[in-house]
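I have placed the structure first, in the form of structure tokens, so that the comments after it can refer back to it.
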Amino acid sequence: MNRIGSLFLFKPSKLLKRCSFARNNTSAFSTHQENEKEAGTLIFRILANGDSTVTVKKIQDGIKNSGILWKDPRLVNFRDRITTLLNKNEKEYDATDINLNDFLHILDDDDNKTLELMCKVFSKSCAIPNFQNFIKVIEKLYLKAANNMDGKVADYIPQLAKADPNLWGVSVCTIDGQRYSFGDTDQPFCLQSCVKPIAYAVAVSDYHASTIHQYMGEEPSGLYFNALHLNTEDKPHNPLINAGSIVICSLIKPELPLADRFHYVLDNITELCGREQVGFDNTVFLSEKETSYRNFAIAYYLMEKDCFPPNTQLEPTLDFYLQLCAITATCESASVAAATFANGGVSPLFEHQKRLLGPVAVRNTLSLMHSCGMYDYSGKFAFHVGLPAKSGVAGGLFVVVPNVMGIMCRSPLLDEKGNSVRGIQFCEELVKHFNFHIYDDLHHSIKKSNPRNLQRELTDLELSLRKVGRRLFNYASDEDDLD
Ligand SMILES: NC(=O)CC[C@H](N)C(=O)O
């Protein structure tokens, strides 16, 4: 075997220094540091499966099977330590063997973040434990919807009319950062109205929610998204239709120059998307601006009815609104943003559980998405699908399964209400299969499967790792009784 005996090249790792206990006697460890060593050893034993070494390929496969991508930003130091340890670049090290001591070394961080993630992965404690089974179903639903050619591409924004009707992609990202994508998921497209919940959440994070709601309601309008209509108090019905979103734009950092206001929102969206692909489509912006008579009419109407804060200027506000609609993302990057909403505003991908949005902003946004996110189809969608979602005219459908995962679907074929036909079909099938509808019975239903639960027993090693992982990192226990 091609064992790497290079440990002496490195400073003795924290996990190694702290304990010299025999591997088979791990249950007697009592201190935190001993638990760390025990956890690392158990992960190694799970991977090695009786051998005295593991290959990097095995480590990579174990991580990938759990749904965590090898390129995940939380693994950056782990990957670097492997490269340094083996003194080879990534392409060459697949079959290289690593022994226990070296393995403990590459797991070793000052803040234990690698160990925490690896404990979750190898004790099957991520949000969806059997991720491979789960994505097999997602793929079936994706392929089924791909056959649906109903609907048509939006043409009221000239540039959008050029979209390829065949494009279809679905990306999922769980609150633990388990990810999978099917179809056309790496091509940027305009978020359009999918940006509205994000703009609202950013505004609520800046102000108190009650300040925002002095300017608009929280009721569905029951009307088309660009209806020239206000509620009985002469305010926009909610922040997820054009009138409400234009007012939201007037409230975001009004004291700053427009360039800084745009940059502020773009920056927030980039963080929410895990710093993955986010951009701006100037062609769509210009194309929409030239033809945006309805949005101008709405803005003048809002001005007439005194819906804006004092000193709001109509044209820059409308420009800002149209610029936000022209922000682009991919299904892959936007699914991370959806997962951040599913995770209460905390990024699933950044180390240290980075909070990007306040919990009130997230809860408000999800409530509004649930009741108003699908234009005048919102009631039916809430009834049949029961998940907060927001659609956009470029065919995006931004969906949140609270406390489980985010989904971004994209297909430019829209129904007469302006929602993605395939996106809706996918969501309807999703909740037929899994108990994700928020009013589904989580405990007694036998018809639907619950992917939050393990569908097979844990091995003894996995069970021991779960116990020690929970002792170390306090992550919530599920219904498996560990004691
Ligand atoms: N539903 C949408 O995606 C609408 C957004 C589009 N920019 C508009 O204002 O008309």
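Both ligands and their constituent atoms are indexed starting at 1 by order of listing. Because only heavy atoms are used, hydrogens play no part in the values below, and waters and symmetry mates are left out as well, while side chains stay in.
- Taking 4.0 Å as the cut-off, N226 does not count as a neighbour of ligand 1 on heavy-atom distance.
- Taking the six-membered ring where the residue is Trp, F285 and F280 present tilted rings, their angle falling between 30° and 60°.
- Both the backbone and the side chain of V393 come within 4.0 Å of ligand 1, counting heavy atoms alone.
- Of all atoms in ligand 1, listed by their number and element, those nearer than 4.0 Å to a heavy atom of G392 are 3 (O).
- Counting only N and O atoms by type, the side chains of N238 and Y200 include no donor and acceptor under 3.5 Å apart.
- No donor-acceptor pair under 3.5 Å is formed between the side chain of R410 and the backbone N or O of S420.
- Nearest to atom 4 (C) of ligand 1 among the protein's heavy atoms is S193 OG, 3.0 Å.
- Atom 5 (C) of ligand 1 has Q192 OE1, 3.2 Å as its closest protein atom, hydrogens excluded (heavy atom only).
- With a 4.0 Å heavy-atom cut-off, ligand 1 is reached by the side chain of C325 but not by its N, CA, C or O.
- Scanning the protein heavy atoms around atom 9 (O) of ligand 1, the nearest turns out to be Y321 OH, 2.6 Å.
- Here the shortest heavy-atom distance to atom 1 (N) of ligand 1, taken over Y375, Y156, F285, belongs to Y375.
- No hydrogens or angles considered: nothing links the side chains of S171 and E332 as a donor-acceptor pair under 3.5 Å.
- Counting only heavy atoms of the protein, atom 8 (C) of ligand 1 lies nearest to E288 OE2, 3.2 Å.
- Paired with M369 under the rule side-chain contact (heavy atoms from CB on, under 4.5 Å), one option of S378, S391, P388 passes, and it is P388.
- Near N295, meaning under 4.0 Å from one of its heavy atoms, ligand 1 places the atoms 8 (C), 9 (O), 10 (O).
- Note on ring orientation: taking the six-membered ring where Trp is involved, the planes of F225 and Y156 are tilted (angle from 30° to 60°).
- In the model, R452 has a side-chain atom that pairs as donor or acceptor with a side-chain atom of N435 under 3.5 Å.
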